[in-house]
Amino acid sequence: MKQPSVDQAYLAKRQLRKGTAGWLLLAGLGVSYVISGDFAGWNFGIAEAGWGGFAIAACLMALMYLALVLSLAEMSAAIPAAGGGYSFARQAMGPAGGYLTGLAVLIEYALAPAAIVIFIGAAVESLLGINGPLVYMIFYAVFIGIHLAGVGEALKVMMVISGLAVFAILATAVALIGSFDAANLFDIAPTDAAGASTFMPYGWYGIWAALPFGMWLFLAVEGVPLAAEEARDPARDMPKGIIGAMLFLLFTALLVVVLLAGAAGAEVIGQSGVPLVDALNTAGNPTLATLVNVLGLAGLIASFFSIIYGYSRLVFALSRAGYLPKPLSLTSGRKVPHLALIVPGVFGFLMSLSGEGDLILGMAVVGATISYALMALSHIMLRVQQPDLPRPYKTPGGVFTSGIALLLSLVALTGVYAFDPRAFNYTIVLFIAGAAYFFLYSKHKLVAKTAEEEFALVEASPEELEPGQAESPAAAKL
């Protein structure tokens, strides 16, 4: 079947605002994606594995994310397109590989806000006594509305919200240092599980089941490359931004994992819905605990807000390329992909009505691990197949580093099954349905036959395209 043509009019309606974000704003975006994970969720890994077992799981996931981030830093500088992992995979593995990678990321990014807004509802209920669909709808509407105002405005709001959340974590850490007791880390009695000990009371299986919770300390940092087309200098800013975000997140993860359990006890923290607050109360800091309880909502909002940005840029890129319906990539006068913000937001809101935040979060993690494996594989394939591709930044360790990310992502994928088989199975069904859409329909609607053609179109502004090109019937309708 003949590929639809792309011309000046088509791209003129699909332009993001370039030069909006420097490296510091990109690093802030990466921190914002993840920061809610420091406030709650990760600590349930202690209930699965004990403190020592969870520490092992968290270190493995930290290594996986660091290796992945270093790989993404290279690819985002070499291929600065809004599709992030999808764009890298398309260049390495062709249209099918690109789409499947993009689909996995989309599952993660469309579902994660639905889970987070359920947690936001619980936080609002504890503060104001209200919860439910109306709260979910208000948060979706308000923060999608801020994004519709423009990317510069949205990223500035995001930085302020993230700053409040980071302040809460640092203040908690300072307050708990004096209460730290290493004995508290190992107050869970060993079970009769294989390999169980005082250090890892639930044995080897506990470590396996705790891997998804270790991911929660870093989940979604890989979304920084989705802002590549809006970066000031992608070749320089993207590596600095994503690596800077990862290093800061390693620091905050170390603070919460060690200090909270060391002050309040591993057993208490492993069962807590608000671990920072409970640790402060146990250590005798009720006033700060109240403040942190309020600022914990800022952490949830920061991740909710920034992941909305991430899914909109991914949907925009997939739609512009023809994988998803093309109207989703239309941009407003403010250069904002308005439909790419609204449509997945409606889907996420409907998912949130289930109220099953833990299940939705598990499904998001499955999508994430699939995408990590495919993105790491893309790095390896690009190094082998395209050694002469200009690389302003090169991953330390090369394919060995991305090989570590690939191996650990596959291990992490099995860890979700160990913790929640429902989340694993539901996500695989969703992934198969999305794949069927491509192979049966959208692969015939792509706007460019090769990755090179697509990236050439992305890099060209409407004014740089041939002015005499006739507008295609398909573009005229859009």
Side-chain angles (χ1 to χ4, degrees), residues 1-6 10-11 14 68 71-109 222-223 225-226 228-229 234 313-326 328-329 367-391 395 398-399 402-403 405-406 409-410 413 428 430-460 474:
M1 182 177 293
K2 184 180 178 182
Q3 302 284 345
S5 61
V6 180
Y10 183 87
L11 289 179
R14 293 164 172 81
L68 181 67
S71 304
L72 292 174
E74 174 179 301
M75 293 188 291
S76 61
I79 309 170
Y86 142 70
S87 301
F88 313 147
R90 171 150 192 187
Q91 182 135 338
M93 296 184 281
Y99 174 77
L100 293 176
T101 304
L103 174 62
V105 179
L106 183 56
I107 289 172
E108 174 192 358
Y109 273 63
E222 75 280 358
L226 292 167
E229 285 185 38
R313 270 45 182 184
L314 177 61
V315 169
F316 166 81
L318 290 171
S319 167
R320 181 177 59 187
Y323 290 100
L324 297 179
K326 295 184 182 70
L328 291 174
S329 55
T369 51
I370 293 172
S371 74
Y372 299 163
L374 292 170
M375 287 189 280
L377 180 60
S378 297
H379 180 270
I380 295 169
M381 292 179 67
L382 286 171
R383 277 292 187 102
V384 173
Q385 297 173 355
Q386 302 182 38
D388 297 327
L389 178 71
R391 291 174 168 86
T395 302
V399 297
S402 46
L406 173 58
S409 63
L410 294 174
L413 176 60
I428 296 302
L430 190 60
F431 189 76
I432 291 172
Y437 170 80
F438 169 74
F439 288 109
L440 297 177
Y441 177 74
S442 70
K443 75 173 183 178
H444 305 297
K445 304 294 181 180
L446 303 185
V447 301
K449 295 179 181 179
T450 66
E452 289 76 11
E453 289 179 13
E454 181 182 341
F455 298 139
L457 290 166
V458 169
E459 291 174 1

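Residues: numbered from 1 along the sequence shown.
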Chemist: Please name all residues satisfying side-chain hydrogen bond (donor to acceptor under 3.5 Å, both in side chains) with Tyr372, sequence neighbours left out, ordered by chain then number.
Modeler: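 Partners of Tyr372 under the side-chain hydrogen bond (donor to acceptor under 3.5 Å, both in side chains) test: Tyr65, Glu222.
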Chemist: Just jot down the ring pair (Phe, Tyr, Trp, His ring centres under 6.0 Å) partners of Tyr437, sequence neighbours excluded, or say none.
Modeler: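 Ring pair (Phe, Tyr, Trp, His ring centres under 6.0 Å) check on Tyr437 returns Tyr441.
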Chemist: On a heavy-atom basis, which atom in Leu314 and which in Gly102 lie closest, and how many Å separate them?
Modeler: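 Shortest heavy-atom contact: CD2-O, 3.6 Å.
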Chemist: Considering only heavy atoms from C-beta outward, does the side chain of Met375 approach that of Thr101 to under 4.5 Å?
Modeler: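 Sidechains of Thr101 and Met375: in contact.
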Chemist: Only counting residues at least two apart or in another chain, list the ones meeting side-chain contact (heavy atoms from CB on, under 4.5 Å) with Ala405.
Modeler: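 So Ala405 forms a side-chain contact (heavy atoms from CB on, under 4.5 Å) with Ala67, Leu68, Ala376.
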Chemist: How long is the gap from OG on Ser442 to NZ on Lys326, to the nearest 0.5 Å?
Modeler: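 If I round to the nearest 0.5 Å, the distance is 9.0 Å.
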Chemist: Which atoms form the tightest heavy-atom contact between Ala92 and Leu382, and what is the distance?
Modeler: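 Heavy-atom minimum between the residues: CB-CG, 3.8 Å.
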Chemist: List for me each residue that meets side-chain hydrogen bond (donor to acceptor under 3.5 Å, both in side chains) alongside Thr395, sequence neighbours excluded, and say none if there are none.
Modeler: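 Applying side-chain hydrogen bond (donor to acceptor under 3.5 Å, both in side chains) to Thr395 gives Glu74, His379.
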Chemist: Can you tell me how far apart CD (Gln385) and CE (Met93) are? Round to the nearest 0.5 Å.
Modeler: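 Between atom CD of Gln385 and atom CE of Met93 there are 9.5 Å.
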Chemist: Check Ala373 against Leu406 and note the closest heavy-atom contact, atom names and distance.
Modeler: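 Smallest heavy-atom distance, with atoms named: O-CD1, 3.4 Å.
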Chemist: Which atom pair, heavy atoms only, marks the closest approach of Arg90 to Leu446?
Modeler: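 Minimum heavy-atom separation between Arg90 and Leu446: NH2-CD1, 4.3 Å.
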Chemist: Show the nearest heavy-atom pair for residues Arg383 and Gly398, with the distance to one decimal.
Modeler: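 What the structure gives for the nearest pair is NH1-CA, 3.5 Å.
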Chemist: Just jot down the side-chain hydrogen bond (donor to acceptor under 3.5 Å, both in side chains) partners of Glu108, sequence neighbours excluded, or say none.
Modeler: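 Here no residue qualifies.
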Chemist: Looking only at non-hydrogen atoms, find the nearest pair between Ala89 and Gly97 and report the distance.
Modeler: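 Looks like CB-O, 3.7 Å.
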Chemist: Nearest 0.5 Å, what's the CD-CD distance between Gln386 and Gln91?
Modeler: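 So the CD of Gln386 and the CD of Gln91 are separated by 4.5 Å.
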Chemist: Distance check, rounded to the nearest 0.5 Å: Tyr99 atom OH versus Leu324 atom CG?
Modeler: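 Tyr99 atom OH to Leu324 atom CG measures 6.0 Å (nearest 0.5 Å).
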Chemist: Considering residues at least two apart in sequence or located in another chain, which fulfil the side-chain contact (heavy atoms from CB on, under 4.5 Å) criterion with Leu413?
Modeler: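 Applying side-chain contact (heavy atoms from CB on, under 4.5 Å) to Leu413 gives Val366, Thr369, Ile370, Phe424.
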Chemist: Check for a donor-acceptor pair, side chain of Ser76 on one end and backbone N or O of Ala73 on the other, with a separation under 3.5 Å.
Modeler: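 Side chain of Ser76 to backbone of Ala73: a pair is present.
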Chemist: Mind checking what makes ring pair (Phe, Tyr, Trp, His ring centres under 6.0 Å) contact with Phe431, not counting sequence neighbours?
Modeler: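 Residues passing ring pair (Phe, Tyr, Trp, His ring centres under 6.0 Å) with Phe431: none at all.
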Chemist: Quick check for you: to the nearest 0.5 Å, what is the distance between Tyr323 atom OH and Leu100 atom CG?
Modeler: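 So the OH of Tyr323 and the CG of Leu100 are separated by 9.0 Å.
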Chemist: Could you check whether any side-chain N or O of Ser371 sits under 3.5 Å from a backbone N or O of Val105, counting only pairs where one atom can act as donor and the other as acceptor?
Modeler: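 Not a single qualifying donor-acceptor pair exists.
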Chemist: How long is the straight-line distance from CZ of Phe438 back to CG of Leu318, given to the nearest 0.5 Å?
Modeler: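 Taking CG in Leu318 and CZ in Phe438, the distance rounds to 11.0 Å.
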Chemist: So do the side chains of Phe88 and Pro225 get within less than 4.5 Å of each other, counting heavy atoms only?
Modeler: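 Phe88 vs Pro225: side chains touch.
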